[in-house]
Amino acid sequence: MEDIHICQSCAMPLVKENDFGSNADLSKNSDYCVHCYQNGAFTQNITMEEMIERCVQFLPEFNKQAKIKITRQQAIEQMREHFPALKRWSGNTENT
């Protein structure tokens, strides 16, 4: 089974070619999605908590496709546990 790559900022699965962000030279960036990273820079200067609030907006869409539905609070708790391990937030003492 192939490893699933996820955005190291928002945890979006990077499946299709157009899911990937771009470096300054417009080459594909394999760490970040197109929504978080374009032209070699993050698209928004936000904290990890702000990113979680941004991501939880997509919960209804996620729940439509998921076998197990989760509540808003469950999603937030899961992101708070998982996001600190992502490259953008790991080691960042000001991420909350």
Side-chain angles (χ1 to χ4, degrees):
M1 185 173 167
E2 210 174 297
D3 285 337
I4 295 175
H5 291 26
I6 62 168
C7 176
Q8 293 296 302
S9 176
C10 71
M12 177 181 119
L14 302 173
V15 179
K16 298 176 278 183
E17 194 67 27
N18 61 350
D19 290 340
F20 292 88
S22 60
N23 295 313
D25 64 1
L26 301 182
S27 63
K28 177 179 81 169
N29 184 288
S30 60
D31 288 331
Y32 301 105
C33 76
V34 66
H35 306 290
C36 292
Y37 201 77
Q38 294 178 10
N39 302 316
F42 289 109
T43 58
Q44 295 182 338
N45 183 20
I46 61 177
T47 66
M48 186 181 79
E49 279 299 315
E50 290 168 328
M51 179 62 77
I52 289 170
E53 285 301 317
R54 180 175 168 227
C55 291
V56 81
Q57 295 175 75
F58 299 100
L59 183 61
E61 183 179 328
F62 172 83
N63 275 338
K64 281 182 192 174
Q65 300 173 7
K67 292 179 183 176
I68 300 172
K69 313 297 184 217
I70 62 174
T71 67
R72 177 182 171 84
Q73 191 57 42
Q74 288 170 320
I76 290 170
E77 288 171 12
Q78 289 178 15
M79 286 185 266
R80 283 183 179 152
E81 286 180 29
H82 181 68
F83 278 27
L86 299 176
K87 279 186 183 181
R88 184 171 187 183
W89 314 114
S90 66
N92 184 351
T93 58
E94 295 181 15
N95 62 10
T96 55

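Note that this is a predicted model, so its numbers are computed, not measured.
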Quiz item: Is the cationic atom of Arg88 (NZ for Lys, CZ for Arg) positioned less than 6.0 Å from the six-membered ring centroid of Phe42 and within 45 degrees of its normal?
Solution: yes

Quiz item: Are more than 12 heavy atoms from other residues, nucleotides or ligands located less than 6.0 Å from atom NZ of Lys69?
Solution: yes

Practice problem: Please confirm whether the backbone N or O of Ile70 pairs with a side-chain atom of Gln74, one donor and one acceptor, at under 3.5 Å? | Solution: no

Quiz item: For Ser30 and His5, which heavy atoms make the closest approach, and how far apart are they?
Solution: O-CD2, 4.5 Å

Quiz item: Met12 and Met79: same hydrophobic cluster, using ILVMFWY side-chain contacts below 4.5 Å?
Solution: no

Quiz item: In Å, rounded to the nearest 0.5 Å, how long is the span from CD1 of Ile76 to OG1 of Thr71?
Solution: 8.5 Å

Exercise. Check the surroundings of atom CG in Asp25: do more than 12 heavy atoms from other residues, nucleotides or ligands lie under 6.0 Å from it?
Key: yes

Quiz item: Does Arg72 pair with Glu53 as a salt bridge, N-O distance under 4.0 Å?
Solution: yes

Practice problem: Grab the two heavy atoms, one from Asn39 and one from Leu26, that are nearest each other, plus how far apart they are. | Solution: OD1-CD2, 2.8 Å

Quiz prompt | Nearest heavy-atom neighbours spanning Leu14 and Asp19 | solution = CD2-O, 3.6 Å

Quiz item: Would you say the side chain of Ile6 lies within less than 4.5 Å of the side chain of Leu86, judging by non-hydrogen atoms?
Solution: yes

Quiz item: Gln8 and Ala85: which non-hydrogen atoms are nearest, and at how many Å?
Solution: OE1-O, 4.4 Å

Quiz item: What's the shortest heavy-atom distance between Phe20 and Asn29, and which atoms?
Solution: CD2-O, 3.3 Å

Self-check item: Closest contact, heavy atoms only, Met48 versus Phe83
Solution: SD-CB, 3.6 Å

Practice problem: Any chance you could measure Phe58, atom CZ, to Cys10, atom SG, to the nearest 0.5 Å? | Solution: 8.5 Å

